Amino acid sequence: TDAQNIETAWMLTGEALDGRNACYVAYHRPSNQVFLIPDSGLGEAATSMTLTGTGTLKNSQCEIFASGAVVTQIGSQLTVTLPIRYTSSWILSKPKAIWTAVQTLSGQRSAWQALGVVRFN
């Protein structure tokens, strides 16, 4: 898939592949917007911002910053670099896993891919 064909990329950091009480972020490429899912895990209640300026999004697990965000597209690769600050009590409580998935403009979705488990000290 060419990066121009990607509509949405998701990243979830949490103890399980569950949007509740996680740092669950979606990047919508056509609008250059980032969405942060609230603690409830309900996507329709997500807050959003365009990746320009100095906006921020926050839930109980993390805060996302527009300032310093970088999006690059090279061939089939879409890279979204977001400045994220995790809440210290949440991130230090247990190891967290990071998962990603994407959806194309035609609605095809990838399976969630586990990138690994991280432990913050």
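As a basis for the values below, the full set of heavy atoms in this structure was taken, side chains included, without hydrogen atoms, waters or symmetry mates. Nothing here was measured: the structure is a model prediction, and the numbers come from that model.
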message: Testing the basics here: between Cys62 and Tyr86, what is the closest heavy-atom pair and its distance to 0.1 Å?
response: CB-CD2, 3.9 Å
message: Less than 4.0 angstrom from a charged side-chain N to a carboxylate O is my criterion; do Arg29 and Glu7 meet it?
response: no
field: Interatomic spacing from CG in Asn5 to OG in Ser76 - rounded to 0.5 Å
entry: 11.0 Å
message: Test side-chain contact (heavy atoms from CB on, under 4.5 Å) on Thr100 and Ser110; report intermediate values, then the result.
response: CA-CA 9 Å; Thr100 61; Ser110 72; over 6 Å; no
message: With a 4.5 Å cut-off on side-chain heavy atoms, are Ile91 and Cys23 touching?
response: no
task: Can you measure from CZ (Phe35) to CG (Leu57) and round to the nearest 0.5 angstrom?
output: 9.5 Å
task: For residues Ala22 and Gly14, report the shortest heavy-atom separation together with the two atoms involved.
output: CB-CA, 4.5 Å
Shared hydrophobic cluster, Leu105 / Leu78 (ILVMFWY, side-chain heavy atoms < 4.5 Å): no
field: Donor-acceptor contact below 3.5 Å, side chain Asn21 vs main chain Gln61
entry: no
Distance in Å, Asp2 CG paired with Thr104 OG1, rounded so as to fall on 0.5 Å steps: 11.5 Å
message: Walk me through whether Arg85 and Thr56 qualify under side-chain contact (heavy atoms from CB on, under 4.5 Å).
response: CA-CA 11 Å; Arg85 178 183 305 142; Thr56 61; over 6 Å; no
- prompt: Cluster question for you: counting only ILVMFWY and a side-chain heavy-atom cut-off of under 4.5 Å, with indirect links fine, are Trp90 and Ile84 together?
  reply: yes
message: Quick check for you: to the nearest 0.5 Å, what is the distance between Met49 atom CE and Phe65 atom CZ?
response: 8.5 Å
- request: Please confirm whether the backbone N or O of Lys58 pairs with a side-chain atom of Glu63, one donor and one acceptor, at under 3.5 Å?
  value: no
query: Do Trp99 and Leu115 share a hydrophobic cluster (ILVMFWY, side-chain heavy atoms under 4.5 Å, transitive)?
result: no
task: Using the rule that two of Ile, Leu, Val, Met, Phe, Trp, Tyr join whenever any of their side-chain heavy atoms come within less than 4.5 Å, decide whether Ile98 and Val34 are in one cluster.
output: yes
query: Got a donor-acceptor contact below 3.5 angstrom from the Lys96 side chain to the Lys94 backbone?
result: yes
- line: CD1 of Ile74 to OG1 of Thr79, rounded to nearest 0.5 Å, is 7.0 Å
- prompt: When rounded to the nearest 0.5 angstrom, what is the spacing between OH in Tyr24 and CE in Met11?
  reply: 11.0 Å
statement: All heavy atoms of Ile37 vs all of Gly43, minimum pair found to be CD1-CA, 3.8 Å
- request: Would you name the heavy atoms of Ser67 and Pro83 that are closest together and state the gap between them?
  value: O-CG, 3.3 Å
task: May I ask whether Ile6 and Val25 are part of the same hydrophobic cluster, defined by side-chain heavy atoms of I, L, V, M, F, W, Y residues being less than 4.5 angstrom apart, directly or through others?
output: yes
field: Geometric class of the Trp112/Trp10 ring pair [parallel <30°, tilted 30-60°, perpendicular >60°]
entry: tilted
- line: Tested for side-chain contact (heavy atoms from CB on, under 4.5 Å) against Tyr27, the lone hit among Leu82, Leu51, Thr8 is Leu51
